[in-house]
Q: 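This is the structure I want to talk about, given as structure tokens.
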There are 2 protein chains.
Amino acid sequence: MLKEERFQLILTQLGQDQKVHLTDLSHVLKVSEDTVRRDIKELADQGLLKSVRGGAVPHSPGPHRFKDRVEYGNDQKQIIANKALRFLKDGQVAIFDGGTSAMLIAQALPKDIQLTVVTNSFPIASILEEHEKVEVLFAGGRLLKNSFVTIGNETIQYFRKFRADICFSGICSIHPELGVTGPDYEESEVKRAMVESSREIIALSTLEKLGTAEAYYVCPTNQLTTIITDQPDNLDAFEIYKVMGIKMV
Amino acid sequence: MLKEERFQLILTQLGQDQKVHLTDLSHVLKVSEDTVRRDIKELADQGLLKSVRGGAVPHSPGPHRFKDRVEYGNDQKQIIANKALRFLKDGQVAIFDGGTSAMLIAQALPKDIQLTVVTNSFPIASILEEHEKVEVLFAGGRLLKNSFVTIGNETIQYFRKFRADICFSGICSIHPELGVTGPDYEESEVKRAMVESSREIIALSTLEKLGTAEAYYVCPTNQLTTIITDQPDNLDAFEIYKVMGIKMV
DNA sequence: ATACTATTTGCAATAATTTGCAACTTTAAT
DNA sequence: ATTAAAGTTGCAAATTATTGCAAATAGTAT
């Protein structure tokens with residue numbers, strides 16, 4: 001059995017039970033507990049789970065201080081978050097948008113990664129406050145009540161000053177011809193500024209949003225580098241790749 | 001059963017019943033009361049609940065969501081806050097700095113006043129989120145961990161764009177000749193930008209800070225419009241007025 | 001294919017943590 | 001003050017982690 005297979009099985013079981021025990025896994029995977037331990041350690045380093053004494057639990061989104069925090073086991077978006085983590089490398093400058101998807105990435109972020117994060121989201125800034133090695137650059141602007149993000153011209157100008165390595169954007173709708181679109185004018189404007197300030201753009205979306213369109217334009221579809229979806233096994237990935245020409249994960 | 005599982009169960013039950021008893025938990029979790037006690041202590045250290053005699057209760061939801069929030073009945077500063085409110089009029093543009101004094105003003109602010117508040121403080125923005133008629137303009141910049149304010153050139157540039165009616169600044173030291181000074185270079189720079197962007201400047205200070213000086217210069221003393229102190233009966237007010245030439249409240 | 005290197009895996013010894021118990025101290029209520 | 005319940009402390013037993021090392025496996029170049 002390949003190591004990757006074990007990883008897959010561990011993560012699957014973790015998703016089902018919200019916990020895994022070393023002894024169980026050792027039995028199921030037919031390897032020693034040491035190996036399971038090492039596997040868990042490796043997955044933990046990737047931020048895909050949290051290693052605890054005797055086993056592992058899902059990388060717990062630590063409670064933070066904003067109302068609109070996402071509930072514990074939001075499976076779909078959690079999957080997206082875990083996939084997204086693989087794209088982040090030490091020392092990068094990353095733009096995080098204000099949606100809940102990006103928020104979950106921040107929550108799932110390992111504590112030891114060194115990053116510069118540019119964001120317009122209070123919740124994300126608040127989460128990252130506990131990450132010693134993450135520098136947070138906050139985009140000023142008009143504060144949008146309820147969603148705790150800044151918007152407006154000031155915000156846009158702030159993002160324009162950067163050339164980030166990577167941008168995580170919770171994209172609303174993606175359409176091959178109509179491009180990326182959103183339901184809110186001002187937020188879409190801000191999203192455009194983010195997208196245009198980053199080398200690599202990771203769109204966070206659910207499958208059902210693909211092929212649909214909203215009122216306000218963000219950017220052409222081919223500007224996206226990667227689309228991350230909530231599909232655990234991306235059977236359709238190649239199919240969509242053919243249609244869209246973008247790498248799916 | 002993993003320790004994490006116990007934690008999860010304790011928190012879940014706490015969410016349901018708003019309380020948990022040591023003896024019950026000991027029975028449910030099948031561990032000794034000592035262990036439950038230790039678990040509760042650990043969770044309490046993380047701020048996830050409050051340990052009380054015989055069990056635990058949910059962590060009391062404070063007025064807002066930031067760690068460094070000031071306790072409600074901080075008398076001295078509360079006095080300052082109440083005095084400060086008299087200066088605020090409907091429709092004004094007000095700058096609030098990041099200190100705890102300004103925070104208390106925000107907390108004491110009536111819900112029905114219409115204001116535009118410019119600030120670089122997360123806690124203040126968070127507090128004002130509940131004020132329907134207050135528009136919050138947030139100054140971007142580098143996020144200072146622990147104190148939850150933004151600083152740096154970006155922040156300064158943001159404030160420079162405004163001409164506010166009034167500015168509340170938690171001043172550290174005020175000296176007749178040496179002027180207003182602070183202990184931190186970057187924060188002092190930001191304060192200067194705030195002060196220079198406002199018509200009226202209300203310094204929030206305690207009496208013992210008067211006549212002292214710190215390392216970093218903010219502005220000349222005569223640039224202040226008013227000094228608000230924690231002295232309930234301002235007997236010395238006239239005396240200080242004579243010395244400083246500034247109205248005391 | 002073969003030989004060589006690098007990685008992975010299991011095992012054993014050692015270290016660290018967790019847990020329950022017992023003795024003792026503190027707290028709260030009568 | 002007295003008393004019972006809860007909390008604290010120290011300690012030994014059990015469980016879990018870590019480390020070094022040798023055998024097995026996979027990968028690579030000749």
Side-chain angles (χ1 to χ4, degrees), chain A residues 1-60 62-63 72 82 85-86 89-90 108-113 130-133, chain B residues 1-60 71 73:
Chain A
M1 176 178 263
L2 295 175
K3 193 161 75 163
E4 294 298 324
E5 290 183 70
R6 293 203 309 269
F7 283 10
Q8 199 55 49
L9 212 150
I10 291 171
L11 291 173
T12 305
Q13 180 151 353
L14 195 60
Q16 283 172 9
D17 303 347
Q18 302 294 300
K19 81 202 173 199
V20 286
H21 294 255
L22 277 178
T23 46
D24 297 352
L25 286 175
S26 162
H27 186 248
V28 173
L29 301 171
K30 298 190 206 316
V31 291
S32 74
E33 292 197 10
D34 299 73
T35 301
V36 178
R37 229 189 297 277
R38 280 184 275 237
D39 286 354
I40 283 177
K41 185 174 188 310
E42 201 171 329
L43 290 168
D45 286 343
Q46 290 177 48
L48 299 173
L49 48 73
K50 185 180 166 197
S51 169
V52 299
R53 198 182 167 82
V57 293
H59 195 123
S60 69
Y72 229 75
N82 286 334
L85 285 179
R86 299 185 204 149
K89 293 177 192 62
D90 236 53
L109 202 66
K111 283 278 196 294
D112 59 352
I113 191 170
E130 284 159 22
H131 290 68
E132 295 263 340
K133 297 170 78 175
Chain B
M1 176 178 260
L2 298 175
K3 191 163 74 165
E4 306 298 322
E5 292 182 66
R6 294 203 309 268
F7 284 8
Q8 195 56 49
L9 213 149
I10 292 171
L11 290 173
T12 305
Q13 181 149 353
L14 195 60
Q16 284 171 8
D17 303 348
Q18 301 296 302
K19 72 185 184 210
V20 286
H21 292 262
L22 277 178
T23 46
D24 298 351
L25 286 176
S26 162
H27 186 249
V28 173
L29 301 172
K30 299 188 207 317
V31 291
S32 74
E33 290 197 13
D34 299 75
T35 301
V36 178
R37 228 190 297 278
R38 279 185 275 236
D39 285 353
I40 284 178
K41 184 175 187 309
E42 202 171 329
L43 290 169
D45 286 343
Q46 290 177 47
L48 298 173
L49 50 72
K50 187 179 165 198
S51 170
V52 297
R53 200 181 166 78
V57 293
H59 192 82
S60 65
E71 318 75 87

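Note on naming: letters A, B, ... go to the chains in the order of the sequence lines (proteins, then strands), and numbering restarts at 1 for each one. Values below: all heavy atoms of this structure, side chains included; hydrogens, waters and symmetry mates excluded.
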Q: Check the phosphate of dG7(D) against Arg37(B), side-chain N and O only, distance under 4.0 Å to OP1 or OP2. Yes or no?
A: yes
Q: State, without any angle test, whether His21(B) and Gln13(B) hold a side-chain donor-acceptor pair at a distance under 3.5 Å.
A: no
Q: Within this structure, what is the CG-to-C1' distance between Leu29(B) and dG20(C), rounded to whole angstrom?
A: 15 Å
Q: Without hydrogens or angle criteria, can the side chains of Thr23(A) and Ser26(A) be said to hold a donor-acceptor pair below 3.5 Å?
A: no
Q: When all nucleic acid strands are considered with a 4.0 Å heavy-atom cut-off, which category describes Val36(B): base, sugar-phosphate, or nothing?
A: nothing
Q: Please tell me which of the listed nucleotides, dG20(C), dG10(C), dA17(D), lies nearest to the side chain of Arg53(A)?
A: dA17(D)
Q: Other residues, nucleotides and ligands only: do more than 12 of their heavy atoms fall within 6.0 Å of NZ on Lys89(A)?
A: yes
Q: Show me the protein contacts with nucleotides 11-14 of chain C, counting only N or O atoms at under 3.5 Å.
A:
residue : atom : partner  : partner atom : Å
dC11(C) : N4   : Asp34(A) : OD2          : 3.4

Q: Applying the side-chain contact (heavy atoms from CB on, under 4.5 Å) test to Arg38(B), which of Ile40(B), Asp34(B), Val36(B) qualifies?
A: Asp34(B)
Q: Where each residue is assigned the nucleotide of DNA chain D containing its nearest heavy atom, which of Ser51(A) and Glu33(B) is assigned the position nearer the 5′ end?
A: Glu33(B)
Q: Rounded to whole angstrom units, what separation is found between the NZ atom of Lys30(B) and the C1' atom of dT19(C)?
A: 17 Å
Q: Would you tell me if any nitrogen or oxygen in the side chain of Arg6(A) comes within less than 4.0 Å of OP1 or OP2 on dT9(C)?
A: yes
Q: In Å and rounded to the nearest 0.5 Å, what is the CD1 to CD distance from Ile10(A) to Glu42(A)?
A: 10.0 Å
Q: I need the minimum non-hydrogen distance between Val52(A) and Leu2(B), along with the two atoms involved.
A: CG2-CD1, 4.0 Å
